[in-house]
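One structure is given below, encoded as structure tokens.
Letters go in sequence order (proteins before strands), and every chain restarts at 1.
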Amino acid sequence: MAKVLTKRSENYAQWYNDLVIKADLAENSVVRGCMIIKPYGYSIWEKIQSELDRMFKATGHSNAYFPLFIPKSFFSKEAEHVEGFAKECAVVTHYRLKKDADGKGLIVDENAKLEEELIIRPTSETIIWSTYKKWIQSYRDLPLLINQWANVVRWEMRTRLFLRTSEFLWQEGHTAHATKEEAIEETEKIVNLYADFVENYMGVPVIKGLKSENEKFAGAINTYAIETLMQDGKALQAGTSHFLGQNFARAFDVKFTDKNGKQDLVWATSWGVSSRLIGALIMAHSDDNGLILPPNLAPIQVVIVPIYKGNSELDKISNTAEKIRKTLTEKGISVKYDNRDTQKPGWKFAEYELKGVPVRIAIGPRDIANGTVEIARRDTLTKEVIKQENIAEHIADLLVDIQTSIFNRARSFRDKNTCKVDTYEDFKKILNEKGGFLLAHWDGTSETEQKISKETKATIRCIPLDGKIEKGKCIYTGKPSNQRVVFAKAY
RNA sequence: CGGGAUGUAGCUCAGCACGGUUUAGAGUACUCGUCUGGGGGGCGAGGGGUCGCGAGUUCAAAUCUCGCCAUCCCGACCA
């Protein structure tokens, strides 16, 4: 088989890039840092969207849409927030073009300068809280539980398809609550929801935790995150949920009257996951032959490929294939019968492997004669020949098996690459040799974190929520610590 | 914004040190024909180029010089 992908062992970053392009997920746009998400890649995003959207609605949230443009002045209202985002904002200054002097090109019409510049949203807290001010007067208006599906722009220096692009797709939830406790409960509810989704749909194990002061969201009191581990030993933050306290309510003067007639600032949360999840999906599971998709998110769960000579053979095979497709579809399985005559069977095998379709069914003359089909599973690349009877049950079970087996594989990789470290020497050694999650004691200060990060490139991914209380000494300063935190090099 | 590199067919690139047998090439992709078909198949034919842009040197420039533009990689920044 022709090798179209760079091997992971040769160059992991190149493998990732090859895979994204060759599996037809996305490509670079002419605008630097932006990507074109191609139909197959977008269909994966749609699967992610529809599951999450269902989960958000099941927990009482509603969708709304706020504008792309945010007045510049809104941004400066929350000090930490502006600090965090100012350096990566795209700014709209004019609203009209005109022909240039020689009448051929276009230039910005200086007469069409905006009185106040507009920021293309890097996140929507400010525009949303300026709106919430109008919506919230009483405790009766709370809680306000809103999500939006949108694109945002963060002018990044260096970009990588799906992992970091100047424009990306995401959902952002913005909720308002009457009490601190309720807001914290919401923040935790969402981080659990994200963990549930990433583990059970994406098949990627997560560590839930709190971000350190250095790493938390600009403007938040606390940031909860789910951290995942990629096959190259680097961590990827897969989702965040922020407890914003009353910071944004204060900045935008959003107050409500409680049951006792007393006024108070509203408590806030915000949370999001992005198209970066697709990057996590790729890097957690895929191999040198291409993408491996978990059945729960695969746009095509089963592909049927006919193997034939001439039309009469194809007709017989199509007859069987269509029957199988029908019984599978009735079970809620998404099936594609690829009867294109323009590509050869071998070509199709390689193609669907590259695209990560979990199960392939091949049907040829031999199968027609024997009443069988050949079934190949993408995760293990194994094949078996089975009878056509009860195929729907067999495939349904197989899909469940694949889903759990790729999760287990990712989890055992994660566990193998998570180790407790007690000295700075070991820390540096393990970090360089294999990477992964390093559980180490830390004295709790930003200075120490920054020094470690500067010397080793490893950052604190999170302070795990289920971490045990355990006396120890900071690996860097030797000062006392009560809990191990998760260090890793990260994307 | 610092450091490095690269722009030649849709894509990946050779050719450039030493200017002229190269009518600008290869692989791949594409089109047609044919044999095929249980893992990206074989054979034959065909189409496709302002050699990044602009100026200069020269009898002659993809090749030498200068300027410009763009992109990529490594850092600082980050979901």
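- Straight-line distance between the C1' atoms of rA61(B) and rC18(B): roughly 14 Å, to the nearest whole Å.
- Distance check on atom C1': rG38(B) versus rC43(B) gives 23 Å, rounded to whole Å.
- As rounded to the nearest Å, rA29(B) and rG10(B) have P atoms that lie 16 Å from one another.
- Atom pair Arg32(A):CZ and rA70(B):C1' shows a separation of 12 Å (rounding to whole Å applied).
- No hydrogens or angles considered: nothing links the side chains of His394(A) and Glu389(A) as a donor-acceptor pair under 3.5 Å.
- The side chain of Arg276(A) lies closest to rA79(B) when the candidates are rA79(B), rG40(B), rG38(B).
- Remark: ring of Phe168(A) overlaps the six-membered base ring of rA79(B) in a stacked fashion, centroids less than 5.5 Å apart, planes less than 30° apart.
- Per the geometry, CD belonging to Glu227(A) stands 10 Å off P belonging to rA79(B), to the nearest Å.
- Base-pair partner of rU31(B): rA45(B) (Watson-Crick or G-U wobble, both distances under 3.5 Å).
- Both Glu88(A) and Gly364(A) sit near RNA chain B, but only Gly364(A) has its closest nucleotide nearer the 5' end.
- Residue contacts for Lys383(A): at a heavy-atom cut-off of 4.0 Å it reaches a base atom on one of the strands shown.
- Nucleotides rG7(B) and rC16(B) place their C1' atoms 14 Å apart, quoted to the nearest Å.
- Whole-Å rounding puts the Ile226(A) CD1 to rA79(B) P distance at 14 Å.
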Each nucleotide N or O in nucleotides 34-37 of chain B that has a protein N or O under 3.5 Å away: list the pair and distance.
residue, atom, partner, partner atom, Å
rG37(B), OP2, Lys309(A), NZ, 3.4

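- Between the CD atom of Glu353(A) and the P atom of rG39(B) there is a distance of 12 Å, given to the nearest Å.
- If you check the side chains of Trp271(A) and Asn147(A), you find no donor sitting under 3.5 Å from an acceptor.
- Within 4.0 Å (heavy atoms only), Leu236(A) reaches no atom of the nucleic acid at all.
- Nucleotide rA17(B) carries a syn base; the chi torsion (O4'-C1'-N9-C4 or O4'-C1'-N1-C2) is within 90° of 0.
- rU50(B) and rU8(B) have their C1' atoms separated by 12 Å, with the value rounded to a whole Å.
- For Trp347(A) and rC30(B), the CH2 to C1' distance is 13 Å, given to the nearest whole Å.
- Residue contacts for Arg160(A): at a heavy-atom cut-off of 4.0 Å it reaches no nucleic acid atom on any strand shown.
- Separation of the P atoms belonging to rU6(B) and rC13(B) is 12 Å when rounded to the nearest angstrom.
- Thr223(A) comes within 4.0 angstrom of no nucleic acid atom, judged by non-hydrogen atoms across all strands.
- Cation-pi geometry between Lys211(A) and Phe217(A) is not satisfied (NZ or CZ under 6.0 Å from the ring centre, within 45° of the ring normal).
- The only member of Arg8(A), Arg409(A), Arg378(A) that meets salt bridge (charged side-chain N to carboxylate O under 4.0 Å, His left out) when paired with Asp287(A) is Arg378(A).
- Between Trp45(A) atom CH2 and rA79(B) atom P the separation is 16 Å, expressed in whole Å.
- Within the cation-pi definition used here (under 6.0 Å to the ring centroid, within 45° of the axis), Lys348(A) does not qualify as a partner of Tyr352(A).
- The pairing partner recorded for rA60(B) is none, the criterion being a Watson-Crick or G-U wobble arrangement whose two distances lie under 3.5 angstrom.
- Pairing of rC1(B), defined by two Watson-Crick or G-U wobble distances under 3.5 Å, is identified with rG75(B).
- Within a 6.0 Å sphere centred on CD of Glu83(A), heavy atoms belonging to other residues, nucleotides or ligands number 12 at most.
- Applying the Watson-Crick and G-U wobble criteria (two distances, each under 3.5 Å), rG40(B) pairs with nothing in any strand.
- Between Ile278(A) atom CD1 and rA79(B) atom P the separation is 19 Å, expressed in whole Å.
- The cationic atom of Arg461(A) (NZ for Lys, CZ for Arg) does not lie both less than 6.0 Å from the six-membered ring centre of Phe437(A) and within 45° of the ring axis.
- Using a 4.0 Å heavy-atom cutoff across all strands shown, Leu277(A) reaches no nucleic acid atom at all.
- Each of His242(A), Glu188(A), Lys216(A) was scored for a side chain to side chain donor-acceptor pair (under 3.5 Å) with Tyr224(A), with one residue passing: Glu188(A).
- Remark on RNA chain B: of its neighbouring residues Gly346(A) and Ala490(A), the 5'-side contact belongs to Gly346(A), judged by nearest-heavy-atom nucleotide.
- No more than 12 heavy atoms of other residues, nucleotides or ligands sit less than 6.0 Å from atom NZ of Lys87(A).
- Here rA76(B) presents its P atom at 14 Å from CD of Gln450(A), a figure rounded to the nearest Å.
- Crowding of Trp155(A) atom CH2: a count of heavy atoms from other residues, nucleotides or ligands under 6.0 Å not exceeding 12.
- The gap from the C1' atom of rG48(B) to that of rG27(B) amounts to 15 Å, rounded to the nearest Å.
- When distances run from any side-chain atom of Glu156(A) to the nucleotides rG39(B), rG38(B), rA79(B), the shortest one goes to rA79(B).
- Among the protein residues, Ser274(A) comes within range of the nucleic acid bases, having at least one heavy atom under 4.0 Å from a base atom.
- Base pairing analysis places rC53(B) opposite rG67(B); the two distances defining the Watson-Crick or G-U wobble pair are each below 3.5 Å.
- Only the C1' atoms considered, rG49(B) is 25 Å distant from rA5(B), to the nearest whole Å.
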